[in-house]
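Heads up: the structure comes next, in structure tokens.
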Amino acid sequence: MDCEMLLTDRLAPAFGAVAGGPVDPVVRRSQHADFQSDAALALARRLGRPPREIAAAVRDRADLADLCSSVQVSGPGFLNLTLSDAALAEMVGGLAGDPRLGVPAVARPETVVVDYSAPNVAKEMHVGHLRSTVIGDAVARLLEWSGHRVVRANHLGDWGTPFGMLIEHLVDLGEAEAADDLSMGDLDAFYAAARAKFDADAGFRDRARLRVVALQGGDPDTRRLWRLLVDLSEHYFLTVYDLLDVTLTDRDFRGESSYNDLLPEVVADLDRLGLLRDSAGAACVFPPGSVGRDGEPLPLIVRKSDGGYGYPATDLAAIRQRTGELGATRLVYVVGLPQRRHFEMVFAAAGQAGWLTAPARAEHVGFGSILGADGRMLRSRAGGTVKLQALLDEAVARATELTRTRNPALGAAEAAEVGRAVGIGAIKYADLANDRHRDHVLDWERMLSLDGNTAPYLQYAYSRIRSIFRKAGVTVRPDAPVPLAEPAERALALELLGFAPVVAEVERGLEFHQLAGYLFRLATTFNAFYERCPVLRAEQPVRDGRLLLADLTARVLRQGLELLGIRTPERM
RNA sequence: GCGCCCGUAGCUCAGCGGAUAGAGCAGGGGACUUCUAAUCCCAAGGCCGCAGGUUCGAAUCCUGCCGGGCGCACCA
């Protein structure tokens, strides 16, 4: 149980007795004390008593003697809570012996599907894929660490009419030649060439159309060529994931095509349930609550008028399979905000069909666009989309250069490793540190300046701590007494207790900027401690105690950054 | 037209019913014979888009405007 919950538990009965019913004590961190409870204010009207009087009554009843050195009524009716040094030391000491740093594993593990990244076969990943990949990976890491069974689903765009022209282009080039081109990772050029031929050459166009039919019909040779395209693309995606430090593997690809066989059943089920209606030749579900431009109910087109299936069909099939066969109870879709309505409709339709019923639920974890420094959608100098690989390479190059100048003592290999951790970390952190609902301005100068609230700031704090231990050749004594005499020590101890509540909060809302904000605060608090409180030169037992605080800080930073998918180099 | 997201310091952002609205960056002033100065400390910087309303209390909730972005039937 974390500190805030403990205080809440102690205050709740007192509030209950004073109010004559259950009351949430509303405990939070305070500028005026360690914690504060705001509940008395809200209670004043209901009870017809002055809030300060209520707060005083609660203070007199609450069983806080073993936790707090001071409980004071303050201002209009706040209860200011100051932890006793003994209680604070004990709680921090408890963290030291806990590999999970105070964060409990979930009591009821669920099967959670996290749907994220989803690049398109034969297209390069661009910045548009960055947020889904980075945020989704953080979701998967966090829920897994919390104790859930996480299924990563990389909903690859591996199906559709463009594959006719892509396969024909592959045939034209020759398989060996095409494989060479594609293994270089220049998928966009391949796609553009196919597209150009398709636009210019009527004969090619016809072949492409026939090829689509052959692909859908399961023609073995066509399927083999298609598979080749998919394999080559997957190989490329995996190299990007590796560079990005993303946990997606080859086992997580769940291409759209893998749902093909289920689609007729999905349509048949919907029909049997009476949910399907024909509209202009298309088979549609009309989930309640969504209206279009004309004010009429908006259809979810499950089967197009030409008999083909749209992606709503695939999404419905996926939900059916995930809640059914996989037994998932939480479906997380990490997809851009523009698709919000689409998911509303799909979730509503799946609910009507009985494929998404309690306790199973789905949530769209949406995010805004990535903008350039000019505040507009990010474009390359040439005006095209910015390739993800190029972005990452530049971040790594800049960070490596910076590392070399900052710390010439590092060898070339280590500088390269640190540069990678810092460059990639900077990009991921810049994304995760902002409220994901907002558009995210990606400014090279700021992001890679590596100052302020950035990954390198946190990484640097970590490496400083590791440096202390390396220099002294010591290890922590987990039972060392926690020193609290210095304000900087006390502030750090208190901040360390904040990890569990913030993880719990992020697990609920998947708002990772809250975790980033916490880690930044922790690093800031540590840096202030580092300035004022010498560790190795301190007298015992303070020295061991400061080592303990430093080590705990390092562990929380490492664990927190790991949840965000960011590395922590031992040296910088 | 309808719906969604967003308007907070010069810039990038926290805060989303409670005490004097907080950080970072940029700009100003300080601190390295002392565990890495990728650091720290100090000062400065705000009609919280506008107008109403609810409330003991509103940046936060409600309504209406204004501004920016996105979406609204067979592309995913």
Side-chain angles (χ1 to χ4, degrees), chain A residues 26 28 30-32 36 38 41-42 44-45 50-51 74-78 80 118 120 155 157 159-162 256 279-284 289-296 298-306 308-312 314-315 336-342 344 366-369 371 373 375-377 399 402-403 405-407 409 422 430 433-435 437-441 443 445-447 449-454 456-457 459-461 463-472 513-514 516-517 520-521 524 527-528 530-538 546-547 550 571-572:
Chain A
V26 198
R28 62 186 174 98
S30 175
Q31 301 171 12
H32 307 277
Q36 68 183 58
D38 298 351
L41 279 317
R45 166 168 291 265
S74 171
F78 300 102
N80 285 354
N120 293 310
H155 201 87
W159 203 251
T161 48
E256 290 168 346
S279 177
C284 305
S290 296
V291 292
R293 198 189 300 277
D294 50 11
E296 295 300 307
L298 207 53
L300 191 64
I301 297 173
V302 180
R303 192 180 54 217
K304 300 185 285 184
S305 55
D306 67 1
Y309 297 98
Y311 75 125
T314 315
D315 281 336
L337 241 15
Q339 302 223 36
R340 184 179 170 122
R341 173 125 75 176
H342 165 72
E344 269 172 20
F367 50 83
S369 310
L371 308 179
R376 310 184 55 176
M377 295 281 278
L402 187 78
T403 301
T405 53
R406 293 282 163 145
N407 192 349
V422 168
N434 283 351
D435 181 342
H437 298 98
R438 302 172 65 115
D439 289 345
H440 171 218
V441 176
D443 182 338
E445 292 311 315
R446 188 178 331 105
M447 194 175 61
S449 74
L450 317 178
D451 280 321
N453 185 8
T454 61
Y457 180 86
Q459 290 167 321
Y460 180 63
S463 73
R464 275 179 137 182
I465 298 170
R466 301 303 305 150
S467 168
I468 295 173
F469 285 93
R470 195 169 47 243
K471 190 137 291 184
H513 71 285
Q514 295 172 330
F520 179 62
R521 242 175 301 138
T524 302
N527 278 329
Y530 183 92
E531 292 287 328
R532 294 180 187 83
C533 303
V535 176
L536 296 177
R537 287 183 290 109
R546 288 181 178 170
L547 281 169
R571 283 198 279 193
M572 281 177 73

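Letters A, B, ... mirror the listed sequences (proteins, then strands); counts begin at 1.
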query = Hey, does A:Gln36 reach any base, or is it just sugar-phosphate, or nothing, if we go heavy atoms under 4.0 Å?
reply = base
Any donor-acceptor pair under 3.5 Å from A:Asn80 side chain to A:Gln36 backbone = no
remark   = Value for NE2 (A:His437) from NE2 (A:His513), rounded to nearest 0.5 Å, stands at 9.0 Å
ask   = Counting any heavy atom closer than 4.0 Å, what does A:Pro76 reach on the DNA or RNA strands: base, sugar-phosphate only, or nothing?
value = nothing
message = Side-chain N or O of A:His440 versus OP1/OP2 of B:U12: is the shortest distance under 4.0 Å?
response = no
task = Can you tell me, in whole Å, how much space there is between the P of B:G68 and that of B:C61?
result = 23 Å
request  = Tell me whether B:C5 sits syn or anti, counting syn as a glycosidic angle within 90° of 0.
outcome  = anti
inquiry  = As a test of reading the structure: which of B:C35, B:C72, B:A14 is closest to the side chain of A:Tyr530, going by heavy atoms?
reply    = B:C35
task = Begin from the C-alpha positions of A:Tyr457 and A:Asp451 and carry the test side chain to side chain contact (heavy atoms under 4.5 Å, CB included) through to its verdict.
result = CA-CA 7 Å; A:Tyr457 180 86; A:Asp451 280 321; over 6 Å; no
task = Go through B:A38, B:G7, B:A19 for me and flag the one nearest to the A:Arg438 side chain.
result = B:G7
ask   = Contact class for A:Leu402 vs. all strands (heavy atom < 4.0 Å): base, sugar-phosphate, or nothing?
value = base
A:Phe520 backbone acceptor or donor facing A:Thr524 side chain under 3.5 Å = yes
inquiry  = Between P on B:A21 and CZ on A:Arg28, what's the gap in Å once rounded to a whole number?
reply    = 14 Å
query = Is there a donor-acceptor pair closer than 3.5 Å between any side-chain N or O of A:Arg438 and the backbone N or O of A:Gly368?
reply = no
message = Say we look at B:C4 and B:C41: how far apart would their P atoms be, to the nearest angstrom?
response = 43 Å
inquiry  = Regarding A:Ala550, tell me which of base, sugar-phosphate or nothing describes its non-hydrogen contacts under 4.0 Å with the strands shown.
reply    = nothing
query = Checking all strands, does A:Arg341 fall into the base, sugar-phosphate, or nothing category for heavy-atom contacts under 4.0 angstrom?
reply = base
task = May I ask you to verify whether the side chain of A:Gln31 and the base of B:A19 hold a donor-acceptor pair under 3.5 Å?
result = no
query = Hey, is the side chain of A:Arg464 pairing donor to acceptor with the base of B:U36 inside 3.5 Å?
reply = no
Candidates B:G71, B:A73, B:C13 - which lies nearest the side chain of A:Asn434 = B:C13
request  = Would you name the heavy atoms of A:Ala282 and A:Ile301 that are closest together and state the gap between them?
outcome  = CB-CG2, 4.0 Å
message = Heavy atoms only, 4.0 Å cut-off, all strands: where does A:Thr454 land among base, sugar-phosphate and nothing?
response = nothing
request  = Can you tell me the distance, in whole Å, between the CG atom of A:Asp38 and the C1' atom of B:A58?
outcome  = 15 Å
message = Closest-nucleotide mapping onto RNA chain B: is A:Arg571 or A:Ile301 further toward the 5' terminus? I mean the 5' end.
response = A:Arg571
request  = Report the distance from atom CG of A:Asp451 to atom P of B:A23, rounded to the nearest whole Å.
outcome  = 18 Å
key: Minimum-distance nucleotide to A:Tyr460 side chain [options: B:A38, B:C4, B:U12]   = B:A38
remark   = The nucleotide from B:C40, B:A23, B:C72 with an atom nearest the side chain of A:Ala528 is B:C40
query = Counting any heavy atom closer than 4.0 Å, what does A:Leu41 reach on the DNA or RNA strands: base, sugar-phosphate only, or nothing?
reply = base
inquiry  = Using whole Å, what does the distance between atom P of nucleotide B:G15 and atom CZ of A:Phe520 come to?
reply    = 15 Å
inquiry  = Categorize A:Gln459 for me: base, sugar-phosphate, or nothing, with a 4.0 angstrom heavy-atom threshold over every strand shown.
reply    = nothing
query = How far does the C1' atom of B:A44 sit from the matching atom of B:G10, given to the nearest Å?
reply = 13 Å
ask   = When the distance from CG of A:Asp439 to P of B:G67 is rounded to whole Å, what number comes out?
value = 19 Å
note = If one requires at least 3 consecutive Watson-Crick or G-U pairs with distances under 3.5 Å, the stems of RNA chain B turn out to be B:1-7 with B:66-72, B:10-13 with B:22-25, B:28-31 with B:39-42, B:49-53 with B:61-65
task = For A:Thr161 and for A:Arg470, locate the closest nucleotide of RNA chain B by heavy-atom distance; then report the residue assigned to the nucleotide nearer the 5' terminus.
result = A:Arg470
query = Taking the side chain of A:Arg532 as its heavy atoms from C-beta onward, which of B:C41, B:A14, B:A19 lies nearest to it?
reply = B:C41
note = Side-chain contact check for A:Ser74: nearest option of B:A19, B:U36, B:G15 is B:A19
query = Going by distance alone, is a donor N or O of one side chain under 3.5 Å from an acceptor N or O of the other, for A:Asn527 and A:Tyr460?
reply = no
ask   = Are OP1 or OP2 of B:C35 and a side-chain N or O of A:Ser467 less than 4.0 angstrom apart?
value = no
message = Please confirm whether the shortest side-chain N or O distance from A:Arg406 to OP1 or OP2 of B:A38 is below 4.0 Å.
response = yes
key: Interatomic distance at P, B:C42 relative to B:C25, whole Å   = 14 Å
ask   = For the pair made of CG in A:Asn407 and P in B:U36, what is the distance, rounded to whole Å?
value = 10 Å
key: Interatomic distance at C1', B:G22 relative to B:C65, whole Å   = 29 Å
ask   = In whole Å, what is the span from the NE2 atom of A:His513 to the C1' atom of B:C16?
value = 10 Å
inquiry  = When the P atoms of B:C16 and B:A21 are compared, how many Å lie between them, rounded to an integer?
reply    = 16 Å
request  = In whole angstrom, give the distance that lies between atom CG of A:Leu547 and atom C1' of B:C35.
outcome  = 10 Å
task = Take A:Tyr530 and A:Ile468 through the side chain to side chain contact (heavy atoms under 4.5 Å, CB included) test and state the conclusion after the steps.
result = CA-CA 10 Å; A:Tyr530 183 92; A:Ile468 295 173; 4.0 Å; yes
Where A:Ala516 and A:Ala433 come nearest, the two heavy atoms and their spacing = CB-CA, 3.7 Å
query = If the C1' atom of B:G57 is compared with that of B:A73, how far apart are they to the nearest Å?
reply = 49 Å
Distance between P atoms of B:G28 and B:G67 (Å, rounded) = 38 Å
ask   = Any donor-acceptor pair under 3.5 Å joining the side chain of A:Asn80 to the base of B:A19?
value = yes
task = Could you check which of B:U20, B:U36, B:A38 has an atom nearest any side-chain atom of A:Ser463?
result = B:U36
inquiry  = Heavy atoms from C-beta onward define the side chain here; which of B:A38, B:U12, B:C5 lies closest to that of A:Leu337?
reply    = B:C5
Residues A:Tyr311, A:Asp315; criterion side chain to side chain contact (heavy atoms under 4.5 Å, CB included); working and verdict = CA-CA 6 Å; A:Tyr311 75 125; A:Asp315 281 336; 3.8 Å; yes
message = Side chain of A:Tyr457, heavy atoms from C-beta onward: which of B:U34, B:U39, B:U36 has the nearest atom to it?
response = B:U39
ask   = Which heavy atom in A:Ile465 sits nearest to a heavy atom in A:Ala550, and how many Å separate them?
value = CG2-O, 3.3 Å
